[in-house]
Visitor: 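Can you keep this structure in mind? I'll have questions shortly.
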Amino acid sequence: MGRAPSGSGGGPAMLRIQTVLALSTQEAIGKAQRAGDLAQLSIPDVVIERPKSADWGDYATAVCLALARDARLAPIEIARRVVQHFPAVDFVGSVSVAPPGFINWTLDTGWLQRQVDEVLQTGEHYADVDLGHGRRVQVEYGSANPTGPLHMGFGRNVVLGDGIANVLAAAGYQVQREYYVNDAGTQMGLFAQTLYARYAQALGEDVPVPDQGYMGQYMIDWGREIADQYGRQFLGIPREEAVDRLKQIGLHEKVLTNVRADCLALGIHYHLWFHETTLYQQGQFEKVMSILKENGLLVQREGATWFAASHHDPALKDEVVVRSNGLPGYFASDIAYHYNKLVERGFDWVIDVWGADHQGHVPRMMAMMRGLGLDPARLTLVLYQLVTIKQGGEDIRLSKRAGTLVYLSELIREVGADAVRFTLLSRAADSQMEFDVDLAKEQSDRNPVYYVQYAHARMASLLREAEERGFSGQDANVQLLVHPAEITLIRKMVELGEVIEKAAVNLAPHHLTYYAQELATIFTLFYRDCRVLPRKTGETGASAQETAARLQLVRAAQVILARTLRLMGMGTPESM
RNA sequence: GCCCCAGUAGCUCAACGGAUAGAGCAACGGCCUUCUAAGCCGUCGGUUGGGGGUUCGAGUCCCUCCUGGGGCGCCA
């Protein structure tokens, strides 16, 4: 699976902390060598990590452990010598060495305090990172066969895709969000045939549903609705024409209306709904066929036209592009569509979000890229493992054709949009997830999503009351923020940029959900330990200056938490 | 049979090849005359599916076996 092409990092104003630490460490190693403290040997990549325990510090590197063998020196001794040559860095409060040879850094308290003002001045873009340098990336997600309402499984698709898009946008990419409407082909035909049958049946006609048709109750409902709205008119015209009309009505008035509503409920907004049929109307299909033909990658066999994937890689199987019935298959559309994305529209990078049931397509998609003369690195296929559903203690197999579905809309209605987003986002794409619908409904109150939002509501409530009581926080001196709970909160706030970077580089927005919980927890501890507003009646509590400084801290924390919630596509409630 | 993904606490899941494997939920015991108790504190919980290997160091990489999910269509 692809990763974001890595940039040199660093926001417009400042280099990332980790970059500075890595460069400084290399510098220190070099100085140690020149001073004769360390043997001349090649310096490995300096990887800066966040230590597991906060006791170690804020950042660490294990590079001295890797140096030990060649340097023929105990790693801890190497670390001691390197640290002596470490240059002064404004955000570093202290450097220390720990067995077996780690170098640990702690952020400077004054620098941390200043970040409060920094956040308030910069606003929610404080945490932005610039990996993308404005490169144009298209993220295509959703894209379910438009033959029925979205089911729960596609919830994971849209939530993951939207999360990736959000995170890339925060990481300096110019992001286009797109939904591919698969409105050509066999499945769409079956859908139309089924809808025609249900429509006719609603009007008392005995028209059977086709063998491979869509058996869900929703088709019966839609047939009935169309019968109610349009009457018998489609029974009076040639059947082929009627099926075609119903296809359009079903697609636009039923399926897409439904899908749009679900996306709207989840707060997902696409830039473009791209229709497969336009690939055949606007020449992309013809174009890619001629390119592939020129490149000698099309072969005729058994009455069909095949893409010779085996030409570049003998391990691959050839793939039918145009079927023996003369109709292009889905792969033809995929080729034309990606030609449109990468060549005609010129996206630097294209990301498709697919369920694991499509994993077999990945090799041939990459073969297609080579076949079109495109760099395969410009296409990333993000696969997520399918969601399995448990309901009533039983595992349910989801199938649109069989009609055994838990609809996304139903889930949103019963569990709530924010809980759906958070839950579906909180697992790594590679992880199979079992969604217990009953449990999700029962436990909605205890879902961590509410904990996170509650922290935001609490901030808002606190700031409201501060305003009512006339505390502004103006002229605050952030240097008064010295309580461990305050400093810990700021530390966590500063981390958001790294979380965004990690999520963007790995196309793994699930990191946001964990960060959000940590931030909410740490804020709640601050709230417990640090009184912000003076008590109304009592004589104890915060001093006026403390109140001002803490109000600024709460404001800044709210900026960070709200940003995190928005990156996850969730609401930022002012009260709960 | 071949290919892809996974297997971590009772459950659902985290953990750039680094230090003592972490959360939430569940269970048990405490805490509201106070800026929101959708909260806080404490307890319980693990031979990271089994076995080999690579490495200074493995939940993470390699091999193998087991289990689960998904592929291997002129459907998408």
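Reckoned from all heavy atoms, side chains included, excluding hydrogens, waters and symmetry mates. Residue numbers start from 1 in every chain, and the chains themselves are labelled A, B, ... in the order their sequence lines are given, proteins ahead of strands. None of these values were measured; they are calculated from a predicted model.
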Visitor: For the backbone of A:A476 and the side chain of A:Q552, can you confirm whether one donor and one acceptor N or O come within less than 3.5 Å of each other?
Guide: no
Visitor: For atom C1', what is the distance between B:A37 and B:C5, given to the nearest Å?
Guide: 42 Å
Visitor: Give every donor-acceptor pair under 3.5 Å between a side-chain atom in residues 353-360 of chain A and any protein atom, sequence neighbours left out.
Guide:
none

Visitor: Strictly below 4.0 Å: does A:T521 bring a side-chain N or O up to OP1 or OP2 of B:A23?
Guide: no
Visitor: Would you classify A:D529 as touching base, sugar-phosphate or nothing, given that sugar-phosphate means primed atoms plus P, OP1 and OP2, and contacts are heavy atoms under 4.0 Å?
Guide: nothing
Visitor: By the salt bridge (charged side-chain N to carboxylate O under 4.0 Å, His left out) test, which pairs, at least two apart or in different chains, include something from residues 63-75 of chain A?
Guide: none
Visitor: Among B:A76, B:G39, B:G24, which nucleotide sits nearest the side chain of A:H358?
Guide: B:A76
Visitor: Between B:A37 and A:R528, is there an OP1 or OP2 to side-chain N/O distance shorter than 4.0 Å?
Guide: no
Visitor: Evaluate the ring planes of A:Y514 and A:H510, with Trp represented by its six-membered ring, and classify them as parallel (under 30°), tilted (30 to 60°) or perpendicular (over 60°).
Guide: perpendicular
Visitor: Using atom C1' of each nucleotide, how far apart are B:G24 and B:C32 to the nearest Å?
Guide: 24 Å
Visitor: May I ask you to decide if A:A457's main-chain N or O and A:S461's side chain share a donor-acceptor pair within less than 3.5 Å?
Guide: no
Visitor: Which residues pass the side-chain contact (heavy atoms from CB on, under 4.5 Å) test with A:A367, sequence neighbours left out?
Guide: A:F307, A:A309, A:L316, A:R370
Visitor: Please classify the nucleic acid contact of A:P51 as base, sugar-phosphate, or nothing, using heavy-atom distances under 4.0 Å.
Guide: base
Visitor: Considering only atom P, compute the distance from B:A14 to B:A27 and round it to an integer number of Å.
Guide: 23 Å
Visitor: Between A:K502 and B:A15, is there a contact of a side-chain N or O with OP1 or OP2 at under 4.0 Å?
Guide: no
Visitor: Check the phosphate of B:G73 against A:R323, side-chain N and O only, distance under 4.0 Å to OP1 or OP2. Yes or no?
Guide: no
Visitor: Picking from B:C40, B:U20, B:G70, which would you name as closest to the side chain of A:D357?
Guide: B:G70
Visitor: Rounded to whole angstrom, note down the C1' distance from B:A9 over to B:C61.
Guide: 25 Å
Visitor: Side chain of A:A98, heavy atoms from C-beta onward: which of B:A19, B:C35, B:A76 has the nearest atom to it?
Guide: B:A19
Visitor: Is any side-chain nitrogen or oxygen of A:H510 closer than 4.0 Å to OP1 or OP2 of B:A15?
Guide: yes
Visitor: Tell me which pairs pass salt bridge (charged side-chain N to carboxylate O under 4.0 Å, His left out) where either residue lies in residues 58-67 of chain A, with sequence neighbours left out.
Guide: A:D58-A:R491
Visitor: Quick one: the side chain of A:D55 and the base of B:A19, do they pair up donor-acceptor inside 3.5 Å?
Guide: no
Visitor: Give the minimum heavy-atom separation between A:L67 and A:S42, together with the two atoms involved.
Guide: CD2-O, 4.2 Å
Visitor: Taking side chain to side chain donor-acceptor pair (under 3.5 Å) as the test, write out the residues that go with A:D334, two or more places apart.
Guide: none
Visitor: Any stacking of A:Y451 on B:G24, going by centres under 5.5 angstrom and planes within less than 30 degrees?
Guide: no
Visitor: In whole angstrom, give me the gap between the C1' atoms of B:A58 and B:C3.
Guide: 26 Å
Visitor: Under 4.0 angstrom, heavy atoms only, what part of the nucleic acid is A:H361 near: base, sugar-phosphate, or nothing?
Guide: base
Visitor: Quickly work out the A:Y450 OH to B:A23 P distance and round it to whole Å.
Guide: 24 Å
Visitor: If you go through the side-chain atoms of A:Q359, does one of them form a donor-acceptor pair with the base of B:G70 closer than 3.5 Å?
Guide: yes
Visitor: Quick check on B:A38: is either OP1 or OP2 less than 4.0 Å from any side-chain nitrogen or oxygen of A:Y454?
Guide: yes
Visitor: Between B:C41, B:C35, B:U55, spot the one nearest the side chain of A:R69, thanks.
Guide: B:U55
Visitor: For Watson-Crick and G-U wobble pairs within 3.5 Å on both distances, what is RNA chain B written in dot-bracket notation, | included for inter-strand pairing?
Guide: (((((((..((((....[...)))).(((((.......))))).....(((((..]....))))))))))))....
Visitor: Taking the P atom of each, how far is B:C63 from B:U54, in whole Å?
Guide: 15 Å
Visitor: Is the phosphate of B:A37 approached by A:R458 (side-chain N or O, under 4.0 Å from OP1 or OP2)?
Guide: yes
Visitor: With a non-hydrogen cut-off below 4.0 angstrom, is A:Y527 in contact with a base, only sugar-phosphate, or nothing?
Guide: base
Visitor: What about A:S461, does its side chain sit under 3.5 Å from the base of B:C35 through a donor-acceptor pair?
Guide: no
Visitor: Using the P atom as the point on both nucleotides, what is the distance between B:G49 and B:U60, in whole Å?
Guide: 8 Å
Visitor: In whole angstrom, what separates A:Y514's OH from B:C13's P?
Guide: 9 Å
Visitor: Report yes if a side-chain nitrogen or oxygen of A:Y384 is closer than 4.0 Å to either non-bridging phosphate oxygen (OP1 or OP2) of B:G69; otherwise report no.
Guide: no
Visitor: Return the value, rounded to whole Å, for the distance between atom CE of A:M433 and atom P of B:G68.
Guide: 21 Å
Visitor: Rounding to the closest angstrom, what is the interatomic distance between B:A6 and B:C13 at atom C1'?
Guide: 13 Å
Visitor: Considering every strand and a 4.0 Å limit on heavy-atom distances, what is the contact class for A:L327: base, sugar-phosphate, or nothing?
Guide: nothing
